[in-house]
Amino acid sequence: MKALDIIHDEHRALGAVLQAFGFVLDGIRDGHFEPDFALLAAMIEYITEVPDKLHHPKEDDYLFVKMRERIPAAAGLLDQLEADHAEGARRTAALRGALVHYQGVGAAAFPEFEATARTYLAASWRHVSREETELLPMARTGLAAEDWADIDAAFEANKDPWSGPTGQFRALFSRIVNLVPAPYGVGASPTKV
Ligand SMILES: [Fe+2]
Ligand SMILES: [Fe+2]
C-alpha cells in the first residue's frame, strides 16, 4: 500500500506546518514575536500549494475513484471530502488576501488576518483528521489487493511526492523550519522582550 504511505507522509508534513503556523500566530498575538512576513508567506504557500496542487488531486483521481467503485457506504464521506477539496481554492484566495492586507495595514489588521488564518487552519485540520480517522481505515479494510495494486501503480506513475516534482516543496519546508522559532523550528527567536 504505497499510496497509503505517501498520503500519510503528506498529512504529517502538512500537519507540522499547520502546527507551526498556529504557534507563530500565538506568538504575534501574545506580543512575543514581531511578524515575519517572509515566514508567514512561506507557510501560507506551503499549506495551500501542497494540498491544492499535489495532494488533493491524487486523492480525487485515484483513491476516491476506486473507493466509490468498491465501497458504496463511503459515498457520503467522499462527497464531503471532495467538497472540501473544491472549497480549497476559495479558502486559499481569502488567506492570501488577508496576508496582503495585514502587511499593508500593519498591526491594526492582525486580528482580521488571525481570524481568517485560524478558520483556514481549523478547516485543514478537520479535513486531514477525517481522512486519517474515517477515510483511510475504510480504504484499508474495504479495498482488495488488486485495487491497491492499481492505486499504487497510479501513484507511482504520477509520482508527485510531497517534495513536489522538482523538489521545490521540500526546499520550502526546510526554509520554514529554518525560520520558525524553537521549539517548532530552528530559527532565531524574533522576540520582542
Ligand atoms: Fe483530502
Ligand atoms: Fe489528504
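Read the numbers this way: they start at 1 and go in the same order the structure lists the ligands and their atoms.
Around the Fe ion (ligand 1), the angle linking Glu131 (OE2) with His85 (NE2) is 120°, rounded to 10 degrees. Rounded to 10 degrees, the OE2-metal-NE2 angle spanning Glu59 and His55 at the Fe ion (ligand 2) equals 80°.
Under the 4.0 Å criterion applied to side-chain N and carboxylate O atoms, Lys58 and Glu10 are assigned as salt-bridge partners.
Relative ring orientation between Phe110 and Phe113 is described as tilted, the plane-to-plane angle lying within the 30° to 60° band.
His127 contributes NE2 as its N, O or S atom closest to the Fe ion (ligand 1).
The Fe ion (ligand 2) has no N, O or S atom of His56 closer than 2.8 Å.
Between His127 and His56, the distance separating the two ring centers is shorter than 6.0 angstrom.
Under a 3.5 Å cut-off, the side chain of Tyr102 and the backbone N or O of Ala108 do not form any donor-acceptor pair.
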